[in-house]
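See structure below.
Both ligands and their constituent atoms are indexed starting at 1 by order of listing.
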Amino acid sequence: MSIDTIYALSSGRPPAAVGIIRVSGPNAHEAGYRLAGTLPAVRSAALRTLRDSRGSVLDDALVLRFDGPASSTGEDIVEFQCHGGRAVVDAVLAALAELQGLRLAQPGEFTRRAFENGRIDLTEAEGLADLIEAETETQRKAALALAEGGLRRQVDEWQQRLLGLSARAEAAIDYADEDDVGVDMTLRGDVAALADDLAGWLDRPRVEPLKDGIRIVVAGPPNAGKSSLINAIAGQERAIVTDIPGTTRDHIEVPLSLSGIPILLTDTAGLRETDEPVERIGVNRTRTLVEAADVLLWLGEPSDAPDHPRLVRVHPRADLPERATAPEGTLAVSSLNGAGLEDLLQCAADLARSFVPAEDAVALNRRQAAHIAEACDALRSVASSDDVVLVAEHLRVARTAFDRLTGRAGVEDVLDALFGRFCLGK
Ligand SMILES: Nc1nc2c(ncn2[C@@H]2O[C@H](COP(=O)(O)OP(=O)(O)O)[C@@H](O)[C@H]2O)c(=O)[nH]1
Ligand SMILES: [Mg+2]
């Protein structure tokens, strides 16, 4: 089967200062010759005049050359860095389209080739997708740690240990007497130690809260000042503020970044008993939101606060003379003059941070965690297996789970979804 050579504009939408057009595949160098006349030495750049097949000048461009398999896709690559005007980019793309064996790449196809040629594993490809989508500093750092092989290296190490354990189990099968196929205790101990390592990784904060945002819910009785507090924090008139109790019937979410942590600040309907049907729906929804809150800011009486593991008792409207003394254990704030807001945000950010992976740490996504959990379960089953043949089988199941994790096996279904997340030219 012959492999297409693919090309695409890899930089942003024109017009821009520079337009980067990448060509990858068996005919990439040939395409480079056709447009640029000669190519620079491998892994270097040179200025060339680009011409179409009729010899008309298209642009002066910097041309880069990489030879497979030591390239980002594992294939021969030529990259044109031309002027980023719309007509220039269109003309170079049109000249490439005329060449035999070349076609426009699909979104994510360069990265997919890198994966299929073993240049990156599936976890690194996931990291790249996250990196492109990253909007906050914490997202960027977590994505980079993954894209740079932080998880791949760890899985390699686990796989090595697992292979060693499998070899010991297989040897025990080979040398076992007919009636003595017991499992030696050091093997069991080493399997348990590996399972503990996996469990430790599973306990760490996951990447999803970094993407979806950590939910900080503001709750309290009607007229406590919840909507005003959200407005003061968001610095804009988002929630409707009135002095008629019960105005905020549905919840309002304000996404914001607190110390680089993505937050969904959620306003709620006041919690009170009510017979008014629409308001009651809001109140019920509030109870659900309070339960689902990662961090809860409670603006009511401190003693009325719902049970919550990460609760901040807030004393709102502290600028009013009759509310000048804040009860013990509360943070006094005024949405009117901004007093106490800094401290409140700091406190909320500190609580939110427990959901966020440590700086530069690799955080597992749901898919990765599921495969690590599979491997961990298989290893845990070893403890209760008396037959070494069964032990060897559990170890094999764990190896398969790691192969799925890195994309070495059984992942066809996730590939389309993953590479579909990339933009054209990546
Ligand atoms: N003086 C003062 N009034 C406030 C403050 N925050 C809210 N209010 C007033 O309290 C009333 C209820 O506020 P609102 O934010 O709608 O309360 P919610 O029902 O809990 O959302 C409004 O009249 C606000 O103007 C504050 O920090 N200081
Ligand atoms: Mg309100």
Please list, in number order, the atoms of ligand 1 under 4.0 Å from a heavy atom of [X].
{"X": "Ser334", "value": "27 (O)"}
{"X": "Leu320", "value": "1 (N)"}
{"X": "Gly225", "value": "7 (C), 13 (O), 14 (P), 15 (O), 17 (O), 18 (P), 20 (O)"}
{"X": "Ser227", "value": "15 (O), 18 (P), 21 (O)"}
{"X": "Asn223", "value": "11 (C), 12 (C), 17 (O), 18 (P), 19 (O), 20 (O)"}

Sub-3.5 Å N/O-N/O distance, [X] and ligand 1:
{"X": "Asp267", "result": "no"}
{"X": "Leu336", "result": "yes"}
{"X": "Ala224", "result": "yes"}

Crowded around [X] [atom1]? As in, over 12 foreign heavy atoms under 6.0 Å?
{"X": "Asp212", "atom1": "CG", "result": "yes"}
{"X": "Glu208", "atom1": "CD", "result": "yes"}
{"X": "His83", "atom1": "NE2", "result": "no"}

Are any N, O or S atoms from Ser227 nearer to the Mg ion (ligand 2) than 2.8 Å?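 For Ser227, the answer is yes, given that an N, O or S atom comes within less than 2.8 Å of the Mg ion (ligand 2).
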Arg215 side chain near Ile263 side chain, heavy-atom distance below 4.5 Å: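 No - every pair of side-chain heavy atoms lies 4.5 Å or more apart.
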When you measure from the centre of the six-membered ring of Phe110, is the NZ or CZ of Arg22 closer than 6.0 Å and no more than 45° off the axis?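 Yes.
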Return the CZ to CG distance between Arg421 and Asp416, rounded to the nearest 0.5 Å. 13.5 Å
Within this structure, what is the CG-CG distance for the pair Asp90 and Leu58, rounded to the nearest 0.5 Å? 11.5 Å
When you look for heavy atoms under 4.0 Å from ligand 1, do you find them on the side chain of Asp319, its backbone, both, or neither?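 The part of Asp319 near ligand 1 is the side chain, not the backbone.
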